[in-house]
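Below: one structure, written as structure tokens.
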Amino acid sequence: MKEMGYPRNRKALPKLASLLQDRNWPGALDTIELFGILGKTISVPYIEKECDEAIKCNEADWLEHLYFACESLYIVKEDFHNPVTYLQMKKTAEDLY
């Protein structure tokens with residue numbers, strides 16, 4: 001996927017972001033690596049969308065895995081379009097510890 005390069009791999013990014021539901025799934029850690037290569041400007045909207053979905057579904061484990069991805073990518077509250085989404089993800093993840 002990363003060999004294709006951006007923007008040719010853009011159509012695959014939503015599906016790849018969905019792998020972040022569980023970092024133990026095959027391809028999840030590769031997705032984090034790819035998002036790191038792509039940078040925050042490209043990656044954060046896909047991760048934030050996954051966070052919104054996980055919040056709607058009330059999926060604490062999913063949010064914890066997304067928070068792990070954000071920490072791995074040095075994504076912070078200010079990187080999100082909606083900082084409240086980030087804070088809710090973070091709080092949910094930390095409550096699981």
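Atoms considered below: every heavy atom in the structure, side chains included; atoms not considered: hydrogens, waters and symmetry mates. Residues take their numbers from the sequence shown, with the count starting at 1.
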Which side-chain N or O atoms in residues 56-64 pair as donor and acceptor under 3.5 Å with protein atoms at least two apart or in another chain?
| unit_1 | atom_1 | unit_2 | atom_2 | d |
| --- | --- | --- | --- | --- |
| E64 | OE1 | R23 | NH1 | 3.1 |
| E64 | OE2 | R23 | NH1 | 3.3 |
| E64 | OE2 | R23 | NH2 | 3.3 |

* Asked: Can you name the salt bridge (Lys or Arg N to Asp or Glu O under 4.0 Å) partners of E50, sequence neighbours left out?
  -> none

* Does a side-chain heavy-atom distance below 4.5 Å link L13 with L34? -> yes

* **Partners meeting side chain to side chain donor-acceptor pair (under 3.5 Å) with Y86 (sequence neighbours left out)** => none

* To do: Measure the shortest side-chain to side-chain distance between L29 and F68 over non-hydrogen atoms and say whether it is less than 4.5 angstrom.
  => yes

* Asked: Under 4.5 Å between any side-chain heavy atoms of P14 and K49, yes or no?
  -> no

* Is there a side-chain contact between F35 and S72 (heavy atoms, below 4.5 Å)? -> no

* To do: Taking all heavy atoms of D79 and all of V44, pick out the closest pair and write down the distance.
  => O-CG1, 3.3 Å

* Asked: Would V76 and L73 show up in the same hydrophobic cluster when neighbours are defined by side-chain heavy atoms closer than 4.5 Å?
  -> no

* **Side-chain donor/acceptor of E48 to backbone N/O of N82, under 3.5 Å** => yes

* To do: Drop me the distance from T92's OG1 to I55's CD1, to the nearest 0.5 angstrom.
  => 6.5 Å

* Measure the CG-CG distance between L20 and L66 for me, rounded to the nearest 0.5 Å. => 6.0 Å

* Check whether any side-chain heavy atom of C51 lies under 4.5 Å from a side-chain heavy atom of Y67, and answer yes or no. => no

* **Value rounded to 0.5 Å, distance of CG in L16 from CD1 in I47** => 11.0 Å

* **Closest non-hydrogen atom pair between H65 and N24, with its separation** => CE1-ND2, 4.2 Å

* Rounded to the nearest 0.5 Å, what's the gap from CG on D52 to OG1 on T85? Could you check? => 4.5 Å

